[in-house]
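Before any comments, here is the structure.
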Amino acid sequence: MTTPTPAASATSVFRPGLFDGQVALVTGGGSGIGRGIADTLASLGAHVVLASRKQERVDAAAAEIRAAGGKASGVAVDVREPERVQQMVADVKSAHGRLDLLVNNAAGNFYAPSESLSANAWKSVIEIDLNGTFFCSQAVLPVMREQGGGSIVNISMTLHYRGWPLMAHATAAKAGIDALTRTLALEWARDHVRVNAIAPGPIPTEGVRKAFTPPPTASGVPDVFAVEKAMESYARKAIPLQRWGTPADIANMVAFLASPAGGWITGAIMVVDGGEWLAKPEPLMRA
């Protein structure tokens with residue numbers, strides 16, 4: 001698979017200690033894009049609070065960040081439960097005295113035909129992606145207002161810009177997140193709380209790999225080589241920059257938006273996708 005050069009991946013454009021003394025809360029921070037965001041913020045000096053439904057997952061991730069020299073802790077929370085979200089934010093404020101950055105990354109997405117999508121499956125994704133983003137944002141506002149401001153970065157996607165079969169629930173939720181981002185940006189600007197979103201392009205997460213996985217071979221084992229070959233071909237043909245994204249690509253945009261360099265940016269949806277959505281590739285539909 002085409003990937004960035006090691007130098008590009010390892011070199012940070014941000015000054016050391018950029019977020020010294022600041023506290024960042026990252027939902028869905030135990031793995032994937034959220035973990036990449038947490039790693040970057042911690043490397044720049046922030047104390048990162050990782051939130052997930054599984055305490056053991058965020059505890060393990062936080063321990064790895066601390067072992068690498070960063071500051072991190074974990075908290076178990078279901079972002080669909082507003083009372084629990086409020087308590088989480090109160091606990092962060094009590095422990096650290098402030099909360100400078102919220103990254104709404106928690107999501108629950110999967111491929112499913114719209115005609116047979118159950119009510120519970122629809123509600124689950126809407127509640128995690130859209131409701132969770134709102135509940136967490138609403139909870140941090142009083143803390144950020146009291147301390148004189150802060151930054152909220154929502155993780156969206158690009159699929160709803162053109163429609164994406166088998167993802168009605170996710171595209172609806174993420175379209176709502178874009179609208180919510182712009183609305184909260186206008187409402188909360190007077191409190192010096194900036195609200196932006198990032199729309200990632202294709203990152204090789206578990207769900208993406210599943211979409212490229214062919215039926216099992218006669219032995220019952222998926223052809224891993226075929227998956228890699230299919231993903232390599234997609235990157236070459238459908239992504240203008242001819243590579244898949246990495247969590248670090250998204251993390252760098254989070255750091256930029258949360259830094260003083262992004263101080264006059266609010267209500268923006270920053271597309272980070274190698275040009276993929278402009279090229280309008282064919283949807284990844286699994287049989």
Side-chain angles (χ1 to χ4, degrees), residues 12 14 17-109 124-125 127-144 147 150-155 177 198 200 203 205-207 246-248 250-255 257-258:
S12 174
F14 303 103
L18 177 62
F19 297 121
D20 279 354
Q22 296 190 31
V23 178
L25 173 61
V26 182
T27 66
S31 62
I33 292 174
R35 173 61 192 276
I37 292 169
D39 286 343
T40 293
L41 296 174
S43 74
L44 296 172
H47 181 109
V48 181
V49 181
L50 309 175
S52 173
R53 281 182 288 177
K54 296 183 178 180
Q55 185 73 55
E56 62 272 17
R57 172 174 286 182
V58 290
D59 282 348
E64 291 175 357
I65 290 173
R66 292 194 298 271
K71 297 183 288 291
S73 54
V75 60
V77 68
D78 187 333
V79 297
R80 296 173 293 184
E81 301 175 2
E83 296 82 6
R84 182 67 190 94
V85 168
Q86 291 282 347
Q87 186 59 56
M88 172 185 66
V89 171
D91 290 345
V92 172
K93 170 72 184 308
S94 176
H96 303 286
R98 60 186 303 111
L99 208 175
D100 302 277
L101 169 63
L102 166 66
V103 181
N104 283 308
N105 172 72
N109 302 325
S124 178
V125 172
E127 288 175 357
I128 295 171
D129 292 33
L130 180 55
N131 293 2
T133 293
F134 177 71
F135 294 151
C136 290
S137 299
Q138 187 182 55
V140 304
L141 175 63
V143 179
M144 292 183 175
Q147 68 194 23
S151 179
I152 297 172
V153 178
N154 302 321
I155 303 302
I177 287 173
I198 298 171
I203 311 289
T205 59
E206 180 181 345
T246 68
I250 310 308
N252 286 335
M253 181 56 75
V254 171
L257 290 171

Is there a side-chain contact between [X] and [Y], using heavy atoms and a 4.5 Å cut-off?
X      : Y      : answer
Val254 : Leu101 : yes
Ser12  : Leu44  : yes
Ile177 : Asn104 : no
Val143 : Val92  : no

Which residue pairs pass the salt bridge (charged side-chain N to carboxylate O under 4.0 Å, His left out) test when at least one of the two sits in [range], sequence neighbours left out?
range           : answer
residues 33-53  : Arg35-Asp39, Arg35-Glu64
residues 73-82  : Asp78-Arg80
residues 83-94  : Lys93-Glu146
residues 96-108 : Arg98-Asp100

Distance (rounded to the nearest 0.5 Å) between [X] [atom1] and [Y] [atom2]:
X      : Y      : atom1 : atom2 : value
Ile37  : Ile198 : CD1   : CD1   : 6.0 Å
Ile155 : Met253 : CD1   : CE    : 10.5 Å
Ile152 : Leu257 : CD1   : CG    : 12.5 Å

Between Lys71 (side chain) and Ala46 (backbone), is there a donor-acceptor pair under 3.5 Å? no
Nearest heavy-atom neighbours spanning [X] and [Y]:
X      : Y      : value
Leu50  : Gly29  : CD2-O, 3.7 Å
Cys136 : Val85  : CA-CG1, 3.7 Å
Gly36  : Pro247 : CA-CB, 3.8 Å
Val58  : Ala51  : CG1-C, 3.8 Å
Ala61  : Gly30  : CB-O, 4.0 Å
Ser151 : Ala258 : OG-CA, 4.0 Å

Full working for side-chain contact (heavy atoms from CB on, under 4.5 Å) between Leu102 and Val89: CA-CA 10 Å; Leu102 166 66; Val89 171; over 6 Å; no
Ring pair (Phe, Tyr, Trp, His ring centres under 6.0 Å): pairs with one or both residues in [range], sequence neighbours excluded:
range          : answer
residues 68-94 : none
residues 61-80 : none
residues 28-81 : His47-His96
residues 49-80 : none

Partners of Ser43 by side-chain hydrogen bond (donor to acceptor under 3.5 Å, both in side chains), sequence neighbours excluded? none
Just jot down the side-chain hydrogen bond (donor to acceptor under 3.5 Å, both in side chains) partners of Asp59, sequence neighbours excluded, or say none. Gln55
Determine all donor-acceptor pairs shorter than 3.5 Å in which one atom belongs to a side chain in residues 19-28; sequence neighbours excluded.
{"unit_1": "Thr27", "atom_1": "OG1", "unit_2": "Val103", "atom_2": "O", "d": "3.4"}
{"unit_1": "Thr27", "atom_1": "OG1", "unit_2": "Asn105", "atom_2": "N", "d": "2.9"}
{"unit_1": "Thr27", "atom_1": "OG1", "unit_2": "Ala106", "atom_2": "N", "d": "3.0"}

Check residues 127-135 and write down every donor-acceptor pair under 3.5 Å in which the side-chain atom is one partner and the other belongs to a residue at least two apart or another chain.
{"unit_1": "Asp129", "atom_1": "OD1", "unit_2": "Gly108", "atom_2": "N", "d": "2.9"}
{"unit_1": "Thr133", "atom_1": "OG1", "unit_2": "Asp129", "atom_2": "O", "d": "2.6"}

